[in-house]
Amino acid sequence: SYRDVAAWLKTNFTFDKSRQIQVVKRIKKLGPTGMLAKNPAVFFEKQSGYCADSANFAIASLNRIDPSYNARGVFIWNEKGRPNHWVAAFDLNKQLYIMDYGTGKKFKKMQGIHGPYLSLDDYRSFLASLDIPGFRPGTVAFMDMPGKED
């Protein structure tokens with residue numbers, strides 16, 4: 001279930017700052033198509049990455065476990081500058097939930113399963129309530145991840 005995916009990420013995921021820096025440099029050079037997200041099988045084996053790697057794994061895992069989760073990506077624009085952030089959204093009992101275990105220490109307050117929400121605006125309000133230096137949520141939107149898997 002979604003709880004198993006969350007438990008695995010919480011226990012096994014390690015944030016890789018150098019990976020994040022590498023991808024941010026690619027995006028600056030190539031635009032959004034420069035984004036990389038680890039293939040879920042590679043991510044499962046390596047157990048490290050940055051937010052898009054974690055979100056991509058969660059989306060693929062949730063949809064494989066139960067397609068009715070309708071798992072999809074959510075992009076969070078940080079109004080205070082980079083880094084921006086990716087999370088996984090999914091549906092349960094006709095309500096919206098967010099799964100986020102792809103943070104480093106700086107954004108740790110974001111971690112967890114959040115919801116239920118009626119909309120992404122409700123999730124954005126939750127994010128705005130967090131006191132995280134260097135972060136203020138701007139646009140929060142469903143979005144397919146650009147770029148490619150590696």
Side-chain angles (χ1 to χ4, degrees), residues 1-24 27 35-80 82-150:
S1 77
Y2 71 93
R3 288 185 185 99
D4 298 310
V5 176
W8 188 89
L9 284 166
K10 184 176 183 177
T11 303
N12 295 288
F13 175 76
T14 303
F15 187 80
D16 182 349
K17 183 72 172 173
S18 63
R19 165 88 170 158
Q20 180 188 41
I21 291 168
Q22 170 200 13
V23 174
V24 167
I27 293 169
M35 192 179 119
L36 297 173
K38 283 186 184 174
N39 174 283
V42 172
F43 179 83
F44 184 79
E45 180 182 319
K46 302 284 184 185
Q47 301 181 359
S48 67
Y50 76 117
C51 62
D53 298 325
S54 174
N56 194 48
F57 175 82
I59 293 163
S61 299
L62 291 168
N63 284 334
R64 185 172 182 187
I65 290 166
D66 185 347
S68 73
Y69 284 142
N70 187 32
R72 57 227 184 259
V74 173
F75 182 74
I76 302 161
W77 183 265
N78 182 0
E79 287 186 349
K80 293 203 174 184
R82 288 188 174 96
N84 298 303
H85 194 54
W86 285 94
V87 299
F90 66 99
D91 299 327
L92 182 64
N93 300 322
K94 298 182 181 180
Q95 294 182 303
L96 176 66
Y97 289 82
I98 302 294
M99 183 178 293
D100 184 0
Y101 289 96
T103 71
K105 291 177 185 174
K106 181 179 174 183
F107 286 12
K108 189 171 180 117
K109 292 178 183 178
M110 292 181 183
Q111 288 184 3
I113 297 173
H114 307 291
Y117 298 115
L118 296 176
S119 70
L120 285 180
D121 286 338
D122 294 339
Y123 174 58
R124 185 189 177 285
S125 293
F126 161 73
L127 292 173
S129 75
L130 302 175
D131 182 22
I132 300 174
F135 176 77
R136 182 174 55 236
T139 302
V140 177
F142 294 112
M143 189 178 295
D144 292 332
M145 291 188 189
K148 64 179 184 174
E149 287 186 346
D150 65 342

So which heavy atom on [X] is nearest to which on [Y], and how close?
| X | Y | answer |
| --- | --- | --- |
| Gly73 | Ile59 | N-CD1, 3.4 Å |
| Ala58 | Val5 | CA-CG1, 4.1 Å |
| Lys106 | Pro133 | CE-O, 3.3 Å |
| Gly134 | Lys80 | O-CB, 3.4 Å |
| Asn78 | Arg136 | OD1-N, 3.1 Å |
| Pro40 | Ala60 | CG-CB, 3.6 Å |

Side-chain ([X]) to main-chain ([Y]) donor-acceptor, under 3.5 angstrom:
| X | Y | answer |
| --- | --- | --- |
| Lys38 | Ser48 | yes |
| Asp53 | Phe43 | no |
| Asn39 | Ala41 | yes |
| Asp91 | Ala71 | no |
| Arg124 | Gly138 | yes |
| Ser54 | Cys51 | no |
| Tyr69 | Tyr2 | yes |

Distance in Å, [X] [atom1] paired with [Y] [atom2], rounded so as to fall on 0.5 Å steps:
| X | Y | atom1 | atom2 | result |
| --- | --- | --- | --- | --- |
| Tyr117 | Asp122 | OH | CG | 8.0 Å |
| Leu36 | Tyr50 | CG | OH | 6.0 Å |
| Trp77 | His85 | CH2 | NE2 | 15.0 Å |
| Met145 | Asn56 | CE | CG | 5.0 Å |
| Met143 | Arg72 | CE | CZ | 14.0 Å |
| Asn84 | Glu79 | CG | CD | 10.5 Å |

NZ/NE/NH1/NH2 to OD/OE distance under 4.0 Å, Asp150 and Arg19: yes
More than 12 heavy atoms of other groups within 6.0 Å of Phe142 CZ: yes
Check whether any side-chain heavy atom of [X] sits under 4.5 Å from a side-chain heavy atom of [Y], and report yes or no.
| X | Y | result |
| --- | --- | --- |
| Val42 | Glu149 | no |
| Tyr97 | Gln95 | yes |
| Asp16 | Lys46 | no |

CA sep, side-chain torsions, deciding dist, call: Asp100, Lys109, salt bridge (charged side-chain N to carboxylate O under 4.0 Å, His left out): CA-CA 10 Å; Asp100 184 0; Lys109 292 178 183 178; over 6 Å; no
Val87 vs Met110, side-chain contact (heavy atoms from CB on, under 4.5 Å): CA-CA, chis, key distance, verdict: CA-CA 10 Å; Val87 299; Met110 292 181 183; over 6 Å; no
Geometric class of the Phe15/Phe13 ring pair [parallel <30°, tilted 30-60°, perpendicular >60°]: perpendicular
Ring pair (Phe, Tyr, Trp, His ring centres under 6.0 Å) between Trp8 and Tyr101, intermediate numbers included: CA-CA 10 Å; Trp8 188 89; Tyr101 289 96; over 10 Å; no
Side chain to side chain contact (heavy atoms under 4.5 Å, CB included) partner of Phe107, the single match among Leu127, Leu130, Ile132: Ile132
Derivation and outcome, side-chain contact (heavy atoms from CB on, under 4.5 Å), residues Asp66 and Phe90: CA-CA 10 Å; Asp66 185 347; Phe90 66 99; over 6 Å; no
